[in-house]
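Residue numbers begin at 1 in each chain, while the letters A, B, ... track the order of the sequences. This structure is a prediction, so every number in the text was calculated from the model and none was measured.
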Amino acid sequence: MIAFGILAIVALIGGIGVIVARQPVHSALFLIVNIVALAIFYIILSAEFLAAAQVIVYAGAIMVLFLFVVTLLTAGKDDEEAGEELSGQRITAGVLAILAGGGLAVVGVLYPSQRIQLGLPQNFGNLRGMGDVLWGPDFVYLAAVALMLLTAAVGIMVLNRPPRKKADPEARLKERES
Amino acid sequence: MIPLNWIVGLAAALFAIGAVGVLIRKNPLIMFMAAEMMWNAAALVFVAYARSFHAMSGQVMAFIIIGTAAAEVGIGLAIIVSVFHHRHRLDIDEVSQLRG
């Protein structure tokens with residue numbers, strides 16, 4: 001219980017840090033704290049494969065990508081966030097979201113849960129267990145994730161292709177004028 | 001053993017923090033990180049219930065969430081970078097002209 005409290009506080013600090021930090025780099029570092037705390041939760045909940053995947057995919061790949069983009073787009077700038085266009089939107093949104101989240105948390109904590117069954121099945125949550133499930137009955141999900149990642153890679157290449165001259169509407173206008 | 005309820009409560013709190021972040025920040029990168037946190041909260045609930053019911057299906061769902069997050073971050077950051085190339089400002093209101 002003490003370990004849960006410490007981990008929960010670390011995860012919440014990481015989460016709050018993400019949304020209050022002024023620089024995006026600090027947000028990214030706080031997000032790493034949050035992600036590592038959740039990975040430790042996964043180990044406690046005997047999901048060893050997912051804990052490793054969480055650290056490798058999130059703290060490794062995704063955060064490196066984020067840091068690349070943050071340094072690419074915000075290097076040497078210290079912009080104030082622009083004012084809001086809808087007046088009072090932030091306060092309303094914040095209050096409503098906190099009420100909804102607090103209500104969910106209270107309901108989640110107070111709801112009578114089933115007792116957690118003791119004694120885990122063999123290979124629960126480790127690499128062998130996940131492999132048996134993903135390459136056996138749940139293969140369709142593995143194939144779906146593979147297709148999704150392939151689609152994302154193709155999509156990124158399409159989004160970042162160099163602009164063609166003819167597709168540029170301004171150039172086409174100039175051609176028409178001349 | 002940690003009670004299941006407390007983990008669900010923690011996940012709800014993390015989800016709410018992420019929602020607040022998406023709603024009150026205007027930097028698209030930070031909004032994106034807050035959205036990642038919401039994904040993570042959902043995955044935590046799936047893993048907690050998988051442990052509680054001794055069913056690996058919940059962990060398979062968390063695996064899908066991790067894979068989806070990877071794909072989503074790639075596409076989303078590509079969109080943010082291409083919008084930045086057109087507008088040269090990191091502000092989510094820059095894309096409000098996209099509305100019909």
Side-chain angles (χ1 to χ4, degrees), chain A residues 4 8 11-12 15-16 18-19 24 27-28 31 34-35 38 41-42 44-47 50 53-54 57 61-62 65-66 69-70 73-74 81-82 85 90 93-94 97-98 100-102 104-105 108-109 111 113-114 116-117 120-121 125 129-130 133-134 138 141 145 148-149 152 155-156 159-160, chain B residues 1-21 23-27 29-30 33-34 36-37 40 43-44 47-48 50-54 56-57 59-60 62-64 66-75 77-82 84 90-91 93 96:
Chain A
F4 170 79
L12 287 175
I16 293 171
V18 170
I19 67 169
S27 285
L31 187 55
N34 185 10
I35 285 167
L38 284 189
F41 265 118
Y42 289 176
I44 294 175
L45 293 167
S46 57
L50 280 178
Q54 170 99 348
V57 174
I62 291 180
L65 203 59
F66 259 116
V69 174
V70 167
L73 298 189
T74 66
E81 286 209 353
E85 289 183 359
R90 288 191 178 182
I98 287 171
L104 272 179
V109 169
Y111 192 78
S113 71
Q114 289 186 322
I116 291 179
Q117 299 156 9
L120 279 174
M130 281 300 277
V133 173
L134 280 179
D138 287 346
Y141 299 117
V145 168
M148 187 166 53
L149 288 174
I156 291 164
L159 277 172
N160 285 328
Chain B
M1 189 60 215
I2 304 169
L4 180 67
N5 282 354
W6 287 94
I7 296 181
V8 176
L10 171 71
L14 283 177
F15 192 89
I17 291 172
V20 171
L23 289 171
I24 69 171
R25 294 306 296 254
K26 296 187 76 179
N27 188 326
L29 290 168
I30 295 178
M33 290 183 214
E36 288 303 312
M37 222 156 60
N40 264 324
L44 180 62
V47 173
R51 172 69 179 80
S52 169
F53 293 133
H54 290 184
M56 288 288 285
S57 323
Q59 298 198 4
V60 172
F63 173 78
I64 294 177
I66 291 178
T68 313
E72 173 225 4
V73 162
I75 294 275
L77 287 180
I79 293 175
I80 289 175
V81 168
S82 56
F84 183 81
L90 270 182
D91 186 351
D93 284 339
S96 64

**Asked** Does A:Ile44 reach the side chain of B:Arg51, with side-chain heavy atoms less than 4.5 Å apart?
**Response** no
When rounded to the nearest 0.5 Å, the distance separating CG of A:Leu50 from CZ of A:Phe41 is 15.0 Å
Requested in this report: Start with the C-alpha distance between B:Val47 and A:Leu38, add both sets of side-chain angles, then the distance that settles side chain to side chain contact (heavy atoms under 4.5 Å, CB included), and finish with yes or no.
Outcome: CA-CA 11 Å; B:Val47 173; A:Leu38 284 189; over 6 Å; no
Counting heavy-atom pairs under 4.5 angstrom with chain B, the leader among A:Asn160, A:Ile35, A:Ile98, A:Val18 is A:Val18
When the 4.5 angstrom heavy-atom criterion is applied to B:Phe63 and chain A, the contacting part is both
In terms of heavy-atom pairs under 4.5 Å with chain A, the winner among B:Val73, B:Ile79, B:Asn40, B:Val20 is B:Asn40
For A:Asn34, the side-chain hydrogen bond (donor to acceptor under 3.5 Å, both in side chains) test, sequence neighbours excluded, returns none
Exercise. Do B:Leu29 and A:Ser27 come close enough that some side-chain heavy atom pair is under 4.5 Å?
Worked result: no
Applying a strict 4.5 Å limit to non-hydrogen atoms, the region of A:Val145 in contact with chain B is side chain
Applying a strict 4.5 Å limit to non-hydrogen atoms, the region of A:Ala100 in contact with chain B is neither
Applying a strict 4.5 Å limit to non-hydrogen atoms, the region of A:Leu31 in contact with chain B is side chain
The reported gap from CG in A:Leu12 to CG in B:Leu14 (rounded to nearest 0.5 angstrom) is 5.5 Å
Max heavy-atom pairs within cutoff under 4.5 Å with chain A, candidates B:Ile80, B:Ile64, B:Val8, goes to B:Ile64
So OG of B:Ser52 and CG of B:Asn5: to nearest 0.5 Å the spacing works out to 9.5 Å
Among B:Ala69, B:Ala34, B:Ala13, the residue with the most heavy-atom pairs under 4.5 Å to chain A is B:Ala69
Applying a strict 4.5 Å limit to non-hydrogen atoms, the region of A:Ala61 in contact with chain B is neither
Ranked by heavy-atom pairs below 4.5 Å to chain A, first place among B:Ser57, B:Gly18, B:Ala78 goes to B:Ala78
* In terms of heavy-atom contacts, does CZ of B:Phe15 have more than 12 from other residues, nucleotides or ligands at under 6.0 Å? -> no
When the 4.5 angstrom heavy-atom criterion is applied to A:Leu134 and chain B, the contacting part is side chain
The interface call for B:Ala43 against chain A, heavy-atom contacts under 4.5 Å, is both
